[in-house]
Participant: 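Take a look at the following structure, please.
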Protein chains: 2
Amino acid sequence: MNQADFINQLQELALGTRLKRLSDTLMGDVAKIYKDEHLDFEPRWFTMLYLLNKEKSLSIIEIADRLKLTHPAVVQFANQLKSKKFVLEKKDKKDARKRMLAISNKGKLVVEKLQPILIQIENSTRELLQESGVDLLYSIEKVEKSLLTQSMYNRVKSGLKKHLLSEVKITPFQSKYRTDFKLLNEGWIQKFFTLEKSDNQILSNPEKYILESGGAVFFAVHQKKVIGTIGISNHGKGVFEVNKMAVAEEFQGLSIGAKLLTEAISFAKKKRAKQVYLESNTKLRAAIHLYDKLGFKQVENFNSSSYKRTNIKMTYALN
Amino acid sequence: MNQADFINQLQELALGTRLKRLSDTLMGDVAKIYKDEHLDFEPRWFTMLYLLNKEKSLSIIEIADRLKLTHPAVVQFANQLKSKKFVLEKKDKKDARKRMLAISNKGKLVVEKLQPILIQIENSTRELLQESGVDLLYSIEKVEKSLLTQSMYNRVKSGLKKHLLSEVKITPFQSKYRTDFKLLNEGWIQKFFTLEKSDNQILSNPEKYILESGGAVFFAVHQKKVIGTIGISNHGKGVFEVNKMAVAEEFQGLSIGAKLLTEAISFAKKKRAKQVYLESNTKLRAAIHLYDKLGFKQVENFNSSSYKRTNIKMTYALN
DNA sequence: ATACTAAATGTAAGTACTTACATAAAACAC
DNA sequence: GTGTTTTATGTAAGTACTTACATTTAGTAT
């Protein structure tokens, strides 16, 4: 293509724009043709009137569904077509909300008058496609079908997620990340609960309260920024406790918690853990869901916790 | 496809609408993704900023050309991008009309931030197209190229013209068309000149003034309606004169005049004409052009005409 | 130098929709 | 039957442009 055609140079990046441009060209030309015939008729009404010409009578929503338009668009067209007396309306007998639309005789006449033009548009389009030697209609249909299985939004989103995740590195404790450990955890605790004494102790001095007794702290790092953390305490006799797990809000929902928790569990396994448990609160739906997914089971009756907020205890099934 | 999808059922007739729908879906999803990243950035600015990121500095019109947008669209984007400080502007030194736009550092930063998303959009789109198993980009390019050689408008227009022409029948004089003969001719004479005595005579009684002396009158009939007429008078000794040619305004420009004139000439030939001439006025540009095209040559010096409006005489070169 | 045309930009209003919100009737839950 | 949710429709305002028109400056002809 033309060297100056920047949009075409962008290739896949500007597919939407290119489709739009082609569509605008085609629809603009058709609109001009309608105008030339100076029928008192707007091209945008065509699909709707044509539909009503095939069907007895339809409600606003039914039309919107068939034409894949929003209902306000149909309401607007309906009012315009009604004022031109191309359609008639009456209330549905069984449902007083519904406004049933049907084509009028005047409407039928326009469709009939339009017929030769429509046939010509159809033929010219077919000719254009044949001349181009590509089955554009088939291509569109295929792409539409693929989009039905997964939308562009989801494709890009999950692609971004994968990419981001591949960039996130898990590292063991480093003293330069002490403040991150504290701030990330204070974040969620203060959002949902209140800081307790043991929180302050552990967060201010993880070395003393987690590492020295044989536990560990891990960080999730993305582009030199700490975006998540987890602690695992060693209570002796093979008993480990997962705690102080936090992921920065803007990175939540990206399975970073899962990555951290997996790391903590494998640490415990390496230390020949006999039991791994955690205490939490059912308010933290996302966290509980994650624990559940990774294999933690709720302990029915339990007591003694260092935190007021605890209302659930879960243990990990070591094989 | 879904039985309820009326637009797809229309096939070639609704190609534009389908392209638009697909484009809207894709572009809407991309817009949603930008929004999710809450960059202070509108998707519609993207192509322009991206272009400015590649080029040093461009004027409004240059950008419009490159992006195939209208210049007011670019003016609007430029103002928005300027107020967000994504672009800088300065006047061209040589041309005080031109407003040269360049990307700012802030703008470069956004493009950089956008980069991973752009790459993902590109990848996901490529994936979508591969999954669909069709080369949509190639198809679009092909169709665009075909449209460059002839626009949809011209295709449909010439198709309609051909179709209409195929429906127009030329018939010899019939008395039921007498009024049409009169009215059609009075139309153009009164529009450009004034009716003269001989006009009234011939138009009121073509049988006497044209037919009885061995001339002929033909009609162009479309769907039982007379839309054009021509007379050819036999002046004796093999001399024939074409006159009273008229085509209804709404059917002008469709070569119906050519059809009538050809018929008249072949009538004269059948009658072993030695000379066929006509008198006209240079005001009637379209008619003169037609005579010229069909082989009539201007007679340099001539006198004696039955009409005041005559200022040109042409003869047909009989082989 | 003057007059005209053309080019570059700007502005207003329209177009073909959309999203967001409002309202009324119907359907359902209990 | 009463309250709540859902469905069908309507309305207002926004969006991403366009067309039509206006203004200013440049270029060209005389």
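All values below come from the heavy atoms of this structure, side chains included, with hydrogens, waters and symmetry mates left out. What you are looking at is a predicted structure, and each value in this text was computed from that prediction instead of being measured.
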Participant: From C-beta outward on Ala96(A), which listed nucleotide comes closest to its side chain: dA25(C), dG10(D), dT19(D)?
Facilitator: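 Closest nucleotide to the Ala96(A) side chain: dA25(C).
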Participant: Strictly under 6.0 Å, is that where the ring centroids of Trp188(B) and Phe192(B) end up?
Facilitator: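 No.
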Participant: Find which nucleotide of DNA chain C each of Glu62(B) and Thr70(A) is nearest to by heavy atoms, and output the residue with the more 5' nucleotide.
Facilitator: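 In this pair, the answer is Glu62(B).
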Participant: Which part of the nucleic acid does Ala73(B) contact within heavy-atom distance under 4.0 Å: base, sugar-phosphate only, or nothing?
Facilitator: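 Touches a base.
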Participant: Nearest-Å distance, CZ (Phe46(B)) to P (dT15(D))?
Facilitator: 21 Å
Participant: Report the distance from atom CD of Glu42(B) to atom P of dG14(D), rounded to the nearest whole Å.
Facilitator: 14 Å
Participant: Assuming nearest nucleotide by heavy-atom distance, tell me which of His71(B) and Phe77(B) is located more 5' along DNA chain D.
Facilitator: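 Its nearest nucleotide lies further toward 5', so the answer is Phe77(B).
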Participant: Roughly, in whole Å, what's the span from CG in Asp24(B) to P in dG14(D)?
Facilitator: 20 Å
Participant: In whole Å, what is the span from the CG atom of Leu69(B) to the C1' atom of dT9(C)?
Facilitator: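 So the CG-C1' distance, Leu69(B) to dT9(C), works out to 16 Å.
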Participant: Between the protein and nucleotides 1-8 of chain C, list every N/O to N/O distance that falls short of 3.5 Å.
Facilitator:
{"unit_1": "dA7(C)", "atom_1": "N3", "unit_2": "Arg97(B)", "atom_2": "NH1", "d": "2.8"}

Participant: Got a second to check how far Thr125(B)'s OG1 is from Leu26(B)'s CG, nearest 0.5 Å?
Facilitator: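 With rounding to 0.5 Å, OG1 (Thr125(B)) is 7.0 Å from CG (Leu26(B)).
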Participant: Could one point to a donor on the side chain of Gln76(B) or the base of dT18(D) with an acceptor on the other under 3.5 Å away?
Facilitator: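 Such a pair is found, so the answer is yes.
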Participant: Enter the distance from Leu67(B):CG to Phe46(B):CZ here, rounded to the nearest 0.5 Å.
Facilitator: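 Answer rounded to 0.5 Å: 10.0 Å.
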Participant: Quick one: on DNA chain C, does Pro72(A) or Met100(B) contact a more 5' nucleotide (nearest heavy atom)?
Facilitator: Met100(B)
Participant: Using whole Å, report how far NZ of Lys94(A) lies from P of dA26(C).
Facilitator: 13 Å
Participant: Between the side chain of Ser151(A) and the main-chain N/O of Leu147(A), is any donor-acceptor distance below 3.5 Å?
Facilitator: no
Participant: Any idea which heavy atoms bring Leu101(B) and Ala78(B) closest together, and the distance?
Facilitator: CD1-CB, 3.7 Å
Participant: Let me confirm one number: the CD-CZ distance from Glu89(A) to Arg99(A), rounded to the nearest 0.5 Å.
Facilitator: 4.0 Å
Participant: What is the distance from CE of Met48(B) to C1' of dC17(D), rounded to the nearest Å?
Facilitator: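 Rounded to the whole Å, the gap is 14 Å.
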Participant: For the backbone of Leu51(A) and the side chain of Arg66(A), can you confirm whether one donor and one acceptor N or O come within less than 3.5 Å of each other?
Facilitator: no
Participant: Whole Å only: how far is the NZ atom of Lys20(B) from the P atom of dT18(C)?
Facilitator: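 Atom NZ in Lys20(B) sits about 6 Å away from atom P in dT18(C).
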Participant: Whole-Å distance between dT18(D) P and Lys32(A) NZ?
Facilitator: 15 Å
